[in-house]
Amino acid sequence: MDITRINPSPRWSDATIFNGMAHFVEVADDVMGDIESQIAQVFAQAEASLLTVNSDKSRLLSVTIYLTDFANLAVFNQAWEQWLPDGCAPSRACVKAELADENLLLEIAFVAAAAETC
């Protein structure tokens, strides 16, 4: 089976698809925003990435959430539950982490079921 890389660069690809599974990572573009702003940005970008691989939020399989401060976990969880369709929560891990840019408050790695051709 072939590996499909969407917008590959020397450092990363926007998404990688193999065997019907898409992998991609999202961070906020505007890192000066508060946690609510960064969450909204990441969710919007995730929806765009899902469309790129012919998928949607209901087809998420797994996520790893990286938060820089667990004081933001309750706000994140509330937004997460509102964002996901009912009955479609993927498996997930939530980790406290130091991210590459000190202004980033979260980063999410997604795995989703995707169409075989994109």
Pairs under 3.5 angstrom only: tabulate donor-acceptor contacts from the side chains of residues 73-89 to other protein residues two or more places apart or in another chain.
unit_1: N77; atom_1: OD1; unit_2: R92; atom_2: NH1; d: 3.2
unit_1: N77; atom_1: OD1; unit_2: R92; atom_2: NH2; d: 2.5
unit_1: W83; atom_1: NE1; unit_2: E47; atom_2: OE2; d: 2.6

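- For the atom pair CG of L60 and CG of D56, the computed distance is 8.0 Å after rounding to the nearest 0.5 Å.
- Side-chain atoms of Q41 and S37 include a donor-acceptor pair closer than 3.5 Å.
- If you take CG on D34 and CD on E36, they are separated by 4.5 Å, rounding to the nearest 0.5 Å.
- Side-chain contact between L61 and P90 is absent, with no heavy-atom pair separated by less than 4.5 Å.
- Across all non-hydrogen atoms, the minimal contact from A28 to Q38 is CB-CG, 3.6 Å.
- There is a path of hydrophobic side-chain contacts, each under 4.5 Å, that joins V42 to V63.
- The shortest heavy-atom contact between I3 and F18 is CG1-CD1, 3.6 Å.
- The minimum heavy-atom distance linking Q45 with D29 is given by the pair OE1-OD2, 3.2 Å.
- Of the residues listed (T52, L50, I17, T16), the one engaging F24 in a side chain to side chain contact (heavy atoms under 4.5 Å, CB included) is L50, and it is the only one.
- The side-chain heavy atoms of D69 and L67, taken from C-beta on, include no pair separated by under 4.5 Å.
- To the nearest 0.5 angstrom, H23 atom NE2 is 13.5 Å from S49 atom OG.
- Heavy atoms only, all atoms of each residue included: P8 and R5 are closest at CD-O, 3.6 Å.
- Under the 4.5 Å side-chain heavy-atom criterion for grouping Ile, Leu, Val, Met, Phe, Trp and Tyr, I35 is connected to F43 within one hydrophobic cluster.
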Could you walk me through whether F110 and S62 pass the side-chain contact (heavy atoms from CB on, under 4.5 Å) test, one step at a time?
CA-CA 6 Å; F110 296 86; S62 178; over 6 Å; no

Return a table of donor-acceptor pairs under 3.5 angstrom between the side chains of residues 95-108 and protein atoms on other chains or two or more places apart.
unit_1: D101; atom_1: OD1; unit_2: N103; atom_2: N; d: 2.7

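- Under a hydrophobic-cluster definition in which Ile, Leu, Val, Met, Phe, Trp and Tyr are linked whenever side-chain heavy atoms come within less than 4.5 Å, directly or via other members, F70 and I65 are assigned to the same cluster.
- Within the 4.5 Å cutoff, the side chain of M21 has no heavy atoms near those of the N19 side chain.
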